[in-house]
Amino acid sequence: MFTQTLTRRARRSPLLELLTGPHGVDRYTELVDPTWTQGDARAKVVAVRRQTPRSVTLTLEPKRAFTGFRAGQHINLTVEIDGRRRTRCYSPASAQSARHIELTIGRHDGGVVSTYLCDHARPGMVVGLDSVGGDFVLPAILPRRILFVSGGSGITPVMSMLRTLKAEGFEGEVAFVHYARNEAEACYADELATMTGIRVLHGYTRDGQGDLVGYFDAEHLATAMPEPDLVYVCGPPALVDAVRAHCPDATSESFVPPDLTVAAEATGGRVTFTDANVGVIDDGRPILEQAEAAGLTPESGCRMGICHSCTRRKTRGAVKNLITSAVSGADEEDVQICVSAPVGDVDIAL
């Protein structure tokens, strides 16, 4: 213990940082052990299981730099693929007080990170953890009757909430409705079947089987929990819209990229990526897509304005947020280039 304390103190030393040059201590210590970093939050994969044909569940052991999360929040996960670090955001399924972090990642057709992890995840892998965020969380004061609804991979933040409620001894009434394409793709079905004090109903939309037939409607709501005090829904936009039609105050989250409304006509302005000394004529698409079309490879993750991994400094010009339609013309501001389109001439530090 004494030796470990001295080591930690030495690694925090400003002199050591100076001697290791511009890369800092972390870039050298990670050559010995990839998880041995002071500034970067990382985790080691300690277990891998494949619950369904189209998903993989990772159990992660986070290192000291990771400060935790609240049930329902998402985490940026970074994995190195073919020499390039790629970042995507995922919601843990583990209780917020758990020692290990559990991530269940569904395979998405064409998804680089999800496909790689489904096929190649193994114990011993080291991944990066960053940017915990999201407002899809439980309130400080819980009501007596809570209804959860999820579809597909939207089950993960709900599982985190359910496990957290169980760990904290919640004594209220809880119901959970989960929709999957079929029984084989229903994650956590075995665990949910053994959860006491929670009414669990499954709906399988492709084969018409399960406890509920078809898609969410008033009948499903009445079967699960009529007149709940609090409703959470996470899943595809169609499911979120269906739940909110019957429960307007539902707290919702969707991990499907929004349908971005791009300007009908390009502005014709010049977009300059100043670090690369590359310029293009605006064609109306998000700045991220225009940068990639110009041969640049900026870091990106969710491509829907959630994970913030694509954030870059706009030094000049105006941009339009394609989700909110808000236009900002302030110089020297950070923008998420996956959901921002140029309005005239724009300079981006990229």
Contacts of Arg122 meeting side chain to side chain donor-acceptor pair (under 3.5 Å) (sequence neighbours excluded), chain-then-number -> none

The side chain to side chain donor-acceptor pair (under 3.5 Å) partners of Glu80 (sequence neighbours excluded) come to none

4.5 Å side-chain heavy-atom contact, [X] and [Y]:
X: Thr78; Y: Val127; result: no
X: Leu288; Y: Pro298; result: yes
X: Leu192; Y: Met159; result: yes
X: Cys247; Y: Leu221; result: yes
X: Leu129; Y: Asn76; result: no
X: Pro286; Y: Cys338; result: no
X: Leu165; Y: Leu142; result: yes
X: Thr156; Y: Leu103; result: no

Sorted by chain and residue number, the side chain to side chain contact (heavy atoms under 4.5 Å, CB included) partners of Arg70 (sequence neighbours excluded) come out as Gln73, Gln96, Val137

Asp275 meets the side chain to side chain contact (heavy atoms under 4.5 Å, CB included) criterion, sequence neighbours left out, with Ala349

So the salt bridge (Lys or Arg N to Asp or Glu O under 4.0 Å) pairs with at least one residue in residues 50-62 (sequence neighbours excluded) are Arg54-Asp109, Glu61-Lys63, Glu61-Arg99

Across all chains, not counting sequence neighbours, the ring pair (Phe, Tyr, Trp, His ring centres under 6.0 Å) partners of His120 are Tyr116

**Q.** side chain to side chain contact (heavy atoms under 4.5 Å, CB included) between Ile348 and Val346, worked out
**A.** CA-CA 6 Å; Ile348 298 289; Val346 174; 3.8 Å; yes

Counting distance only, does the side-chain N/O of [X] pair as donor-acceptor with the main-chain N or O of [Y] below 3.5 Å?
X: Thr315; Y: Glu332; answer: no
X: Thr272; Y: Thr274; answer: no
X: Ser309; Y: Thr87; answer: no

The complete set of ring-ring contact (aromatic ring centres under 6.0 Å, His included) pairs with one or both residues in residues 134-159, sequence neighbours excluded, reads Phe136-Tyr232, Phe148-Tyr232

So ring-ring contact (aromatic ring centres under 6.0 Å, His included) across residues 310-332, not counting sequence neighbours, yields none

Exercise. Ion pair present between Asp283 and Arg285, side-chain N to carboxylate O less than 4.0 angstrom?
Worked result: yes

Can you tell me how far [atom2] of [Y] sits from [atom1] of [X], rounded to the nearest 0.5 angstrom?
X: Arg312; Y: Ser300; atom1: CZ; atom2: OG; answer: 8.5 Å
X: Phe216; Y: Thr205; atom1: CZ; atom2: OG1; answer: 15.0 Å
X: Phe170; Y: Met161; atom1: CZ; atom2: CE; answer: 12.5 Å
X: Leu350; Y: Ile337; atom1: CG; atom2: CD1; answer: 5.5 Å
X: Phe176; Y: Ile146; atom1: CZ; atom2: CD1; answer: 13.5 Å

Grab the two heavy atoms, one from [X] and one from [Y], that are nearest each other, plus how far apart they are.
X: Val56; Y: Val48; result: CG2-CG1, 3.6 Å
X: Ala43; Y: Pro62; result: CB-CA, 3.7 Å
X: His108; Y: Thr115; result: O-OG1, 3.7 Å
X: Ile75; Y: Pro92; result: CD1-CG, 3.4 Å
X: Ala318; Y: Val327; result: CB-CG1, 4.3 Å

Tell me which pairs pass side chain to side chain donor-acceptor pair (under 3.5 Å) where either residue lies in [range], with sequence neighbours left out.
range: residues 186-199; value: Glu102-Tyr188, Thr104-Tyr188, Arg163-Glu191, Lys166-Thr196
range: residues 173-185; value: Arg145-Glu173, Ser150-His178, Tyr179-His220, Arg181-Glu185
range: residues 338-350; value: Arg316-Asp347

Problem set entry | Heavy atoms from other residues, nucleotides or ligands near CG of Asp82 exceed 12 (cutoff 6.0 Å) | no

Before giving the answer on side chain to side chain contact (heavy atoms under 4.5 Å, CB included), spell out for Val271 and Ile281 the whole-Å C-alpha distance, their side-chain angles and the decisive distance to 0.1 Å.
-> CA-CA 6 Å; Val271 184; Ile281 302 301; over 6 Å; no

Report task. Starting from the C-alpha separation in whole Å, work towards a yes-or-no answer on side-chain hydrogen bond (donor to acceptor under 3.5 Å, both in side chains) for Ser328 and Glu333. Result -> CA-CA 9 Å; Ser328 175; Glu333 66 172 345; 2.6 Å; yes

Atom pairs and distances, donor-acceptor, side-chain atoms in residues 237-244, under 3.5 Å, two or more places apart:
residue	atom	partner	partner atom	Å
Arg244	NH1	Ala250	O	2.5
Arg244	NH2	Pro248	O	3.3

